[in-house]
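In what follows, chains carry the letters A, B, and so on, assigned in the order in which the sequence lines appear, proteins first and then strands, with residues in each chain numbered from 1. All figures in this text were calculated on a predicted structure; none of them were measured in a lab.
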Number of protein chains: 2
Amino acid sequence: MADSTGRPPAAGAPARPTSKDVARAAGVSQATVSLVLGEKWRGRVSERTAELVRAAARDIGYRPNLAARNLRLGRTRTALLVVPALTNEFFARVYTGAAAVAARHGFGVVLYPSPQGTGLARDPFASARAALDGVIASSMAADALSAIRGTDLPLVMLDSAPGATGAAAHVNLDVADGMRRIAGHLLGLGHRRIVHLASAVPSWTFDVRAAALREALEGVSGTSLGTVRAPLEVDAGRRAAEQALASPGTRPTALVCDDDILAAGACKAARRLGLRVPHDLSVTGFDDVALARALEPELTTVRLPAEEVGERGMKALLDVLEGRPPALDQLPVSLVPRGSTAPPPAL
Amino acid sequence: MADSTGRPPAAGAPARPTSKDVARAAGVSQATVSLVLGEKWRGRVSERTAELVRAAARDIGYRPNLAARNLRLGRTRTALLVVPALTNEFFARVYTGAAAVAARHGFGVVLYPSPQGTGLARDPFASARAALDGVIASSMAADALSAIRGTDLPLVMLDSAPGATGAAAHVNLDVADGMRRIAGHLLGLGHRRIVHLASAVPSWTFDVRAAALREALEGVSGTSLGTVRAPLEVDAGRRAAEQALASPGTRPTALVCDDDILAAGACKAARRLGLRVPHDLSVTGFDDVALARALEPELTTVRLPAEEVGERGMKALLDVLEGRPPALDQLPVSLVPRGSTAPPPAL
DNA sequence: AGGAACGCGTTATACGTAAAACTCCGGCGT
DNA sequence: ACGCCGGAGTTTTACGTATAACGCGTTCCT
């Protein structure tokens with residue numbers, strides 16, 4: 001397929017300059033170039049020589065060969081962030097936080113969207129074939145985890161069952177508290193018949209949400225809690241919600257959704273059935289993504305500190321890489337009441 | 001910061017096995033290991049020996065060192081995909097297409113979200129510090145382009161001005177045709193007073209859309225076309241739309257948006273002003289992302305073959321890398337009429 | 001005065017892999 | 001009997017970098 005023999009593919013390819021070329025141009029040895037360009041020269045190389053080297057490097061357009069450096073150093077200063085979906089704004093924000101912290105420490109972050117059931121390569125390392133120093137993975141990205149294990153790479157898990165996966169560190173969100181706040185909010189408004197529109201994607205974080213919701217409602221007499229499940233897509237959410245709202249007699253007055261996307265589907269279902277949100281039906285989301293405010297009415301939801309998850313995750317990974325004990329984190333979440341919740345209709 | 005001396009960080013680190021270890025375990029030379037594991041051994045190594053090597057590699061848990069391989073080969077089989085935004089579903093789909101083609105050719109794709117003004121590192125290579133074979137970049141990711149130039153890496157541009165940037169290849173969408181179809185659709189419904197809710201992000205693709213819309217309307221007498229601009233966010237779109245709808249006398253009957261996100265904002269603005277979509281105001285989007293069907297009514301929009309853009313982009317990059325002349329592509333788009341457009345209200 | 005110390009470099013080596021060049025040997029044609 | 005070929009490996013080298021180990025002319029201390 002490719003035609004083999006290493007370097008010159010065509011004739012006139014000028015062959016990328018190496019540190020040796022810089023050395024020749026500056027009239028010094030290659031080691032000196034390395035010293036200067038690696039900022040390790042204080043007291044070992046004169047200022048004049050250093051400037052010479054820098055000028056030569058600039059002149060011939062030298063850019064260090066990352067592969068060679070990585071090989072020599074035995075480390076790459078690159079972390080892999082495994083997320084379940086690119087389109088989910090939550091994970092985009094996690095990336096932003098992680099990348100910011102990484103940059104501050106001279107690290108890079110490479111993104112790998114775990115191909116949830118899309119017949120794509122299940123092996124993150126097939127995609128990010130860069131040599132890696134460590135991995136940060138969301139609990140929802142279960143597909144990729146098996147490939148990550150069987151590697152000696154340090155692993156930081158995001159929002160996942162503590163201790164389960166041989167991870168070196170965990171960064172969790174207090175999603176249980178988020179669900180309790182949702183429950184409290186709805187109970188306070190007077191809702192008693194509630195249906196949980198839950199994620200069909202199995203994941204620790206959703207199990208926790210379900211358990212927290214159930215416990216919060218069990219403490220109050222006269223409540224009922226149903227559950228329907230759907231994959232995290234608008235249309236699937238709509239269908240599941242339509243099913244939940246089908247029985248007219250015992251129709252729930254509130255739909256608690258595991259995700260803003262599902263909540264969007266629920267709102268659509270309500271409209272199709274002629275129910276007004278929030279007058280006839282209250283709907284809550286989770287995550288507080290942009291969609292939550294694009295809908296009419298805007299969604300009551302739970303805001304997650306996504307950037308901070310990324311930041312803490314990257315910090316934990318750096319801790320592990322540098323031999324420090326990583327901090328164990330559980331980040332707080334907050335309720336954002338908006339227009340999609342109201343007291344239930346009078347009986 | 002890190003404590004220098006290469007390999008053993010702690011005491012008991014078992015030192016990742018190398019091909020030499022496999023050789024020793026299998027009782028052959030390291031070269032033979034390389035031959036066998038690289039699938040280059042037909043006729044050079046006996047079947048029995050090959051199996052011996054494979055068994056040894058499996059036993060001691062050998063995984064090749066990517067950095068070393070990349071150095072030796074002078075190529076990494078990794079491409080960088082530069083996108084302006086992670087959350088935009090369009091680019092997620094472009095990634096999917098590119099990754100699929102890449103996988104078929106033993107390539108990986110690393111994603112770099114160009115930090116549109118978000119004070120993050122402007123240098124893609126700071127993030128993806130993997131050695132790269134080539135770059136595929138969206139025209140909207142202007143921030144990163146300057147860093148990519150000044151590199152000898154082959155560059156494939158997506159949806160950008162042909163020939164402008166020293167790119168080795170281009171893959172474009174026929175967005176002009178998309179806009180013409182939108183215009184035709186609205187004119188056919190009877191609309192004459194139209195406002196273009198345009199992207200405030202400067203980009204070739206948006207320039208083309210604006211020009212196409214203008215030209216399409218100029219051909220019809222009695223039409224008027226206004227323009228307001230907004231960054232690609234729901235709230236910004238809402239504000240811009242409110243401004244466009246402010247003057248009651250000459251209020252437009254249709255809002256043509258550069259993007260579904262902006263269209264969502266426009267719908268919100270309409271509701272705030274008490275206008276019903278599509279009865280009082282028609283709204284069109286562009287891209288056909290999930291949001292388009294989450295809204296009520298669903299958006300009339302233009303569907304872009306995003307996966308195919310990614311596929312063609314990756315194919316073009318492979319062409320360039322292997323010395324073939326890359327195909328020049330212009331992909332067709334299609335109009336998706338839905339509920340957000342209707343004849344204008346009677347005067 | 002004699003060497004230790006220092007400033008300013010250089011030479012040499014290693015990282016792990018892929019592949020070119022070489023070795024060894026048994027069989028075959030002439 | 002001899003050269004040649006092909007099979008089955010091995011030895012060697014190169015990729016570009018970072019750094020440990022070494023060299024050498026000055027200067028400084030005692």
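For the pair Asn65(A) CG and dC15(C) P, the interatomic distance rounds to 18 Å; values are reported in whole Å. Leu66(B) has its CG atom 14 Å from the P atom of dG16(C), to the nearest Å. Going from atom CG of Leu73(A) over to atom P of dC15(C) covers 14 Å, rounded to whole Å. For the pair Arg69(A) CZ and dG16(D) C1', the interatomic distance rounds to 11 Å; values are reported in whole Å. At whole-Å resolution of the value, CZ in Arg75(A) and C1' in dT17(D) are 13 Å apart. Going from atom CD1 of Ile60(A) over to atom C1' of dG16(D) covers 13 Å, rounded to whole Å. Following rounding to the nearest Å, Gln30(A) (CD) and dA20(D) (C1') show an atom-to-atom distance of 13 Å. If you take CG of Asp21(A) and P of dC15(D), they are 11 Å apart, rounded to a whole angstrom.
Applying the 4.0 Å criterion to OP1 and OP2 of dG16(C), one finds that Thr18(B) has every side-chain N and O outside that range. Put simply, Ser46(A) has a side-chain N or O that comes within less than 4.0 Å of OP1 or OP2 on dG9(C). Residue Lys20(A) places none of its side-chain N or O atoms closer than 4.0 Å to OP1 or OP2 of dG16(D). Checking the phosphate oxygens (OP1, OP2) of dT17(D), a side-chain nitrogen or oxygen of Ser19(A) falls inside 4.0 Å.
Along DNA chain C, the nucleotide closest to Tyr62(B) and the one closest to Glu47(A) are compared, and the more 5′ of them pairs with Glu47(A). Heavy-atom distances to DNA chain D give each of Leu35(B) and Ala68(B) a nearest nucleotide, and the one nearer the 5′ end belongs to Leu35(B).
Picking from dG9(D), dT11(D), dT19(D) the nucleotide with the shortest atom distance to the side chain of Thr49(B) gives dG9(D). Checked against dT19(D), dG16(C), dG9(D), the side chain of Lys40(A) finds its nearest nucleotide in dT19(D).
Contact of Arg44(B) with dG7(D) (side chain to base): no donor-acceptor pair of N or O atoms is detected under 3.5 Å.
With respect to the salt-bridge test (charged N to carboxylate O, under 4.0 angstrom), the residues Arg54(A) and Glu51(A) qualify.
To the nearest 0.5 Å, atom CG of residue Leu328(A) and atom CG of residue Asn172(A) are 8.0 Å apart.
Across Asp21(B) and Arg16(B), no two heavy atoms sit closer than the pair OD2-O, 4.3 Å.
For the salt bridge (Lys or Arg N to Asp or Glu O under 4.0 Å) criterion with Arg312(B), the lone passing option out of Asp159(B), Asp329(B), Asp319(B) is Asp329(B).
Between the side chains of Asp133(B) and Thr78(B), no donor-acceptor pair of N or O atoms lies under 3.5 Å.
Val28(A) comes within 4.0 angstrom of sugar-phosphate atoms only, judged by non-hydrogen atoms across all strands, and of no base.
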